[in-house]
Amino acid sequence: MQTFQTLLAKRLVDALAKAGFPNVGELTQATDSRFGDYQTNAALILGKQRGENPRDVGAKILERLDVSDLSESPTVAGAGFINFTLRADAVAKKAAELFADERLGVARSASPKKIVIDFGSPNVAKPMHVGHIRSTALGDALARIATFIGHDVIRDNHIGDWGTQFGMVIWGWKNLLDREALQRDPLAEIVRVYKETNARSTSDPAVREACRQELVKLQSGDKENTGIWNECVALSMQDFEHVYELLDIHYDIQCGESFYDDRLAGVVDRLLKSKIAEVSEGAVVVFFRGVPELADKPCIIRKSDGGFNYATSDIATVEYRINELTRDTLWYVVGAPQTLHFRQIFEIARREGYKADFRHIPFGNVLGEDRKLMKTRSGENVPLRQLLEEACVRARKIVEEKNPGLTEAEKIDIARTIGIGAVKYADLSQYRMTDYIFSWDKMLALQGNTAPYLQNAYVRIRSIFRKAGESAPKTDKFILNESAEITLAKRLCQFAEIVPQVLNDFRPNILANYLFELADGFHAFYEACPVLRSDEPVRGSRLALCDLTGRILQRGLDLLGIKVPEKM
RNA sequence: GUGUCUGUAGCUCAACUGGAUAGAGCAUCUGACUUCGGAUCAGAAGGUUGGGGGUUCGAAUCCCUCCAGGCACGCCA
C-alpha cells in the first residue's frame, strides 16, 4: 500500500518530466493546515535554477499534473508552493485500505538492513539506575520500529562485566563480605562491598595494590577469583532480568565485555602489523593525524602495563558483529559523553576496511527537579528498579481514585501498564539530545502529552465497543462528512508516513508526537460525532473509525514499547 | 586551550534532510455538561527562537563571532 505522500510524489515526478523539468524538490506534509494537506517546493527551486518567477513555473507544473483522483485542484500559493488538499472520498477509500491491512499502511523497507543494536549495557556489581532508562527505552523502541519496518535486528546487551573494577569487587568479596546480607539482597551487598573497597583503596595504597593483584589473578585465569567473578555476574544478571521483566524489554544476545577478552591481544597485534597503531610512551596508540578534530586526541588500545581497555574491546566488538553476526549496520545507543570514543572506534574500523554503517546514537541526561543529575536525597544514583516500582504505586493510586470498582487483579495489571508506560513515554516523547527533567506529576498526568492520556483515548474506544456489545465493527465502508471525521481519517493515513521517519535521525519523539495528535483528533471527533446514537450507515462508519484509531494507537504505542489497558 | 552538545511562551517541550504568519501541553482567563468514560471539547492571551553579523526567493535550522551552561579530551569504562 502506498501513502498519499508517495502517491502524490510520483504524480509530481511525472508532471515535472512531462514539463521538461528536472526532478527537484520534495513533497511533504503541509507545515500548516491552512495550506492543505501536502505541499511541494519544486517550483521554488526550479524558479531559482532557471531565473524565472516561481509562481509561473508552478503554473506550468500544474498544467501537467494530474491528481484529480486524490486531491482537490492544487493551487500555487505564497512564494510558489504548490498545495494539495485531499479529497474526502480519496481519504475514505484509503481508510478502508488501512482498515483491511494488518500493517496499518506501513510499508516494509525496500532495502532491509542487518542491524545490531547495542543498548542498555549495565555494569555488573552496580545496580541499574535512572541513567539506564534512556539507553534501554530508546534502544528497545528503535529495535521495535526497525523490526516492524522489516529490518533484521539483533538486540545486544553489552554488559560491563570485565575490567579494573573487578579487582576491587574480588578483594572486597574476600575481605568484607557479609554472607547473611548477601542472602537477603545479593546485589545490594555486592555494591556495598565494592563501594567500601573503593573508599579504602583510595586512602590506602596497600589495599589498592592488593586489588590490582586480584585483578591480575582473575585475568590470568585464577580458579578462585574466576569463581567469585562468575557468582557476581550471575547475581547481577538476576537483578537486571527483574528490571527487564518489569520493562518488558528483552535481548537476543548479551555479549558483555568478558566475551571479547580472548580476542583483545589479536586486535592489538593486527593494528600494529597494519601500521594503524604504533607504540608511544610504552602504550599502543592509534593517532588520527589526518582528521583535524581528532588530530590531538589519540586512542590508547593497550596500556603501558600491557592491559587492554574499553577501546580495545570495542574494536573487537565491531569485528565480531560484522564478521560473525554478519551485520551491515551497527547502532550504539550510548550517552553523549562517549561521542569522542565512538568517533575514534569508527575511524579505526574504517581504516581496517570495514564498510558497515556505524551510528552512535547519543542522548542527554535525566535531571531531577533541581535541574541537576537526578540523585536520591543522600546523593546516590536512583536505582531503576525502585523507580519503576514507585511508578506502579503512584499509578495504582490514580486508578484507585478514578475507577475503584475494578477487581484487584485488574488494578495491579493496569497500574503496571500505566506506570511503566508513563516512565517510558516521558523519555521517548522528547528529543533525545536534550536533558529532561523527571517529574512524576507531569508524566502521570491524565491530560497533556503523556502515556496515560494516550492510553485513555484507547480505553474510551474500547468502552464504546463494550457498550455496543460488539468487539469489532461490521463494516469497512467509511462515510466522511463531518470535518472532525475527515480530519481524524487524514490523521490515520499519516501513520504510515511517520513511522519510517523515526529512523531518519532516531527520533521516537516524532512518533510520540503523532500519537498525541491522533488522540487529540479522536477526542475532537468523539465530541462532535456521536457514534452509537447515530443511524446506519454512519454508525458503522464511525465504529470503523474508532476501531482503526484504536488499532493505530495500540500499534504506535507498542512500537514505543508501551502497552494499552482495556479499562483504566 | 581544543572538540562537541544545549540555549525557543511564565513552566515542560515540538518543529523530519533550510519553507509560508515558530507550534503543543501545563498554568492563567472565557465558554460548553441529566456526557458513547468531563480522565473531555471550543476559544483567548502568551515570542526580537541567548546577542550580533553573513549566505538566499526563504534561516530556530547552514556559516562566522560573542555570551551562558553541560560533557569529553593518552594509560577508568
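Chain naming here is simple, since letters A, B, ... match the order of the sequence lines and numbering starts at 1 in each.
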query: Under 4.0 Å between a side-chain N/O of A:K442 and OP1 or OP2 of B:C11, yes or no?
result: no
Within the pair A:R507 and B:A15, is there a side-chain N or O less than 4.0 Å away from OP1 or OP2?
yes
Closest of B:A14, B:C36, B:G19 to the A:N513 side chain is B:A14
> If you look at every strand shown and take non-hydrogen atoms under 4.0 Å, does A:T450 touch a base, only sugar-phosphate, or nothing?
Replying inline: nothing
Review point. For the side chain of A:N83 and the base of B:A20, is some donor closer than 3.5 Å to an acceptor across the two?
Key: yes
Between NZ of A:K297 and P of B:U4 the distance, given in whole Å, is 9 Å
Query raised in the report: Do any N or O atoms from the side chain of A:N157 and from the backbone of A:G256 form a donor-acceptor pair under 3.5 angstrom?
Result: no
Re B:U40: Watson-Crick or G-U wobble partner, both distances kept under 3.5 Å, found to be B:A32
request  = Identify whether the distance between the nearest side-chain nitrogen and carboxylate oxygen of A:R359 and A:D357 falls below 4.0 Å.
outcome  = yes
- Base, sugar-phosphate, or nothing for A:N41, non-hydrogen atoms under 4.0 angstrom? base
Next item on the list: Ignoring backbone atoms, test whether A:Q338 places a side-chain nitrogen or oxygen under 4.0 Å from the OP1 or OP2 oxygen of B:A77.
Entry: no
Side-chain contact check for A:K48: nearest option of B:U56, B:A42, B:C36 is B:U56
Re B:A22: Watson-Crick or G-U wobble partner, both distances kept under 3.5 Å, found to be none
To the nearest angstrom, the CG-P distance between A:D161 and B:A77 comes to 13 Å
Side-chain atoms of A:Q430 come closest, of B:C71, B:C13, B:C11, to B:C13
When rounded to whole Å, the OH to P distance for the pair A:Y436 and B:G70 reads 21 Å
In whole angstroms, the gap separating P of B:C16 from CZ of A:R432 amounts to 13 Å
*Please state whether the rings of A:W229 and A:W162 are parallel, tilted or perpendicular, taking 30° and 60° as the class boundaries.*
perpendicular
* Under 4.0 Å between a Lys/Arg side-chain N and an Asp/Glu carboxylate O for A:E209 and A:R212? -> yes
Winner on side-chain proximity to A:P530, out of B:U17, B:C36, B:C16, is B:C36
A:F342 atom CZ is separated from B:C5 atom C1', nearest whole Å, by 16 Å
A:L340 CG to B:C76 C1', in whole Å, measures 15 Å
Closest to the side chain of A:K303, out of B:A77, B:U40, B:G19, is B:A77
| message | Is any side-chain heavy atom of A:Y526 closer than 4.5 Å to one of A:I464? | response | yes
message = By the 4.0 Å heavy-atom rule, please label A:L44 as base, sugar-phosphate, or nothing.
response = base
Review point. B:A14 phosphate, OP1 or OP2: any side-chain N/O from A:T434 under 4.0 angstrom?
Key: yes
Touch class at under 4.0 angstrom, heavy-atom based, for A:F438 against every strand present = nothing
Among B:C16, B:C57, B:A14, the one nearest any side-chain atom of A:Y431 is B:A14
note: A:F166, atom CZ; B:A77, atom P; distance rounded to Å ~ 12 Å
Donor-acceptor pair under 3.5 Å, A:S463 side chain vs B:C36 base
no
| said: Using a heavy-atom cut-off of 4.0 Å across all strands, would you classify A:Y526 as base, sugar-phosphate, or nothing? | reply: base
Please determine whether any donor N or O and acceptor N or O are separated by less than 3.5 Å between the side chain of A:E527 and the base of B:C41.
no
Considering only heavy side-chain atoms of A:F81, the closest of B:C16, B:U6, B:G19 is B:G19
Applying the 3.5 Å cut-off to both distances, the Watson-Crick or G-U partner of B:U2 turns out to be B:A72
Which of B:C76, B:G25, B:C75 is nearest the side chain of A:F516? It is B:G25
Of A:K402, A:K397, A:R396, the one forming a salt bridge (Lys or Arg N to Asp or Glu O under 4.0 Å) with A:E400 is A:R396
Closest to the side chain of A:T28, out of B:C76, B:C57, B:C16, is B:C16
Rounded to whole Å, CD of A:Q29 lies from P of B:C16 at a distance of 12 Å
Any donor and acceptor pair, going by atom type alone, linking the side chain of A:D435 with main-chain N or O of A:V366 inside 3.5 Å?
no
### Message
Side-chain N or O of A:T31 versus OP1/OP2 of B:A20: is the shortest distance under 4.0 Å?
### Response
yes
Item to complete: With heavy atoms under 4.0 Å as the rule, sort A:V459 into base, sugar-phosphate or nothing.
Response: base
Determine whether a donor-acceptor pair (N or O, by modelled atom type, separation under 3.5 Å) exists between the side chain of A:R302 and the backbone of A:V285.
no
Taking only the C1' atom of each, what is the distance from B:U2 to B:U56 in whole angstrom? 33 Å
Of B:U17, B:U40, B:C75, the nucleotide closest to the side chain of A:A283 is B:C75
* Asked: Does A:N509 place a side-chain N or O at less than 4.0 Å from the phosphate oxygens OP1/OP2 of B:A15?
  -> yes
For a quick test of reading the model: is some side-chain N or O of A:H523 closer than 4.0 Å to OP1 or OP2 of B:U40? no
